Protein chains: 2
Amino acid sequence: MSARRASSVQQQYRDAVAAYVAAGGEESVQRVITAVFSLTRKLDQWYRRQLADLGLTHGEWSVLAHLATAGDEPVTPTRLADVTNVAASSMTHRLDRMAGRGLVRRSPDPANRTRVLVELTEQGWELFESAVREANVVESDTLARLTSKERGELAALLEVVISGLDEIETA
Amino acid sequence: MSARRASSVQQQYRDAVAAYVAAGGEESVQRVITAVFSLTRKLDQWYRRQLADLGLTHGEWSVLAHLATAGDEPVTPTRLADVTNVAASSMTHRLDRMAGRGLVRRSPDPANRTRVLVELTEQGWELFESAVREANVVESDTLARLTSKERGELAALLEVVISGLDEIETA
DNA sequence: TGTTAGTGTTTCGAAGTCGAAATATTCGAA
DNA sequence: TTCGAATATTTCGACTTCGAAACACTAACA
């Protein structure tokens, strides 16, 4: 075991904040941002395994999730590429595969022949729902150290941050 | 604008939470997790552009950042692959490129000839520091709606979550 | 209505990533 | 000390992703 166990997430978090501050970052900013990324990284590891069991890649999951959470907004390949941080050309192939497996359906936009609309099939919905139920287990474990009240406070603070995100636009 | 502007981060967040709850997730959990991912996604978009200006890919940045924040722990390619969520074989090529550009240096571990130790060169450190200073601008904007006190509270709550992460291990 | 600029999707070649197998070394037990 | 299992890295072929260019259509304006 290499004479040392890999350092814990906690230790890594502390070292990282210290290094960012030493390199010129503000402490209160770096604590929040680094914590958010540490959490995301760990969750991503778990998702990847769970998704592999369902036969999905991380990228395919983003597509499934966005289609399932888009409300009533019609969704085009370009929009999917934007929200999943991927090139439009990659989305073409990804949708090919997913359509081949019967998870999504492409249909021409009746109002604009340049466009294609993408939506989930019944089978896509089922896969989405079973993934959410599985993921909720890990996510609940992740937040187990917080009381119900604290979760509410945490969510409220994050929501304040999110409410400002649309105005920043790459200033 | 396609008869509709792309929905805002905020609207997307609300729709997503609603959909996850409808699919069987717990609300207090989904609010926190979805908010964390919304924030990460937006930050990733900005980082990608900033890093492109510095001639770095997202993956190369992870390597640079981990080496810079690893404290005094010696770092091997396998460890880098783990913490950046990438296959060990990919790390080989990534390090080849980065070493070619003079950002990192590989040297045999004197204590174990199976191993290779990776560290930043002077040039690697400089690039790290300039990236941190640039990133800090966007990150500060992101948290601009929170008071100093609120940032502290947010960081404290996230740190509680992080402190539990090491014990979950893919239960 | 004809022209031009713009938008949305796909195709294409180059580059990055993956998992499995190959190679080299260490560690523990007989 | 020697054997076998475990660990660390790299090589290999298949697949995914990228950005640029091609293509098809729409929209604005004279």
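Everything numeric here is computed off the predicted structure, so don't read it as measured data. We use all heavy atoms of the structure for the numbers below, so side chains are in, but hydrogens, waters and symmetry mates are not.
- Residues passing the side chain to side chain contact (heavy atoms under 4.5 Å, CB included) test with Arg151(B) are Glu26(A), Ser28(A), Val29(A), Leu143(B), Leu146(B), sequence neighbours excluded.
- Rounded to whole Å, the distance from NE2 on His58(A) to P on dT17(C) is 15 Å.
- Listed in residue order, the members of residues 86-97 of chain B having a heavy atom less than 4.0 Å from DNA chain D are Ala88(B), Ser89(B), Thr92(B).
- Here dT25(C) presents its C1' atom at 15 Å from CG of Leu117(B), a figure rounded to the nearest Å.
- For DNA chain D, the neighbouring residues in residues 101-114 of chain B, judged by any heavy atom under 4.0 Å, are Arg106(B), Thr114(B).
- Here the side chain of Glu60(B) pairs a donor or acceptor atom with the backbone of Thr57(B) at under 3.5 angstrom.
- Residues forming a side chain to side chain contact (heavy atoms under 4.5 Å, CB included) with Ala81(B) (at least two apart in sequence, or on another chain): Val86(B), Ala88(B), Met91(B).
- For Asp96(A), the side chain to side chain contact (heavy atoms under 4.5 Å, CB included) partners at least two apart in sequence or on another chain are Thr92(A), His93(A), Arg106(A).
- The side chain to side chain contact (heavy atoms under 4.5 Å, CB included) test applied to Thr142(A) returns Leu39(A), Leu43(A), Trp46(A), Val138(A), Val161(B), Leu165(B), Ile168(B), not counting sequence neighbours.
- With sequence neighbours excluded, the residues satisfying side chain to side chain donor-acceptor pair (under 3.5 Å) with Glu153(A) are Lys149(A).
- In this structure, CZ of Arg48(B) is placed 13 Å from C1' of dG16(C), rounded to the nearest angstrom.
- Taking atom CG of residue Asp82(A) and atom C1' of nucleotide dT7(C), one finds them 13 Å apart after rounding to whole Å.
- Listed by first and then second residue, the salt bridge (Lys or Arg N to Asp or Glu O under 4.0 Å) pairs that reach into residues 31-41 of chain B are Glu159(A)-Arg31(B), sequence neighbours excluded.
- Identified under the ring pair (Phe, Tyr, Trp, His ring centres under 6.0 Å) test for residues 18-40 of chain A, with sequence neighbours left out: Tyr20(A)-Phe128(B), Phe37(A)-Tyr47(B).
- Where Thr76(A) and Asn85(B) meet DNA chain C, the nucleotide closest to each residue was compared, and Thr76(A) sits on the side nearer the 5' end.
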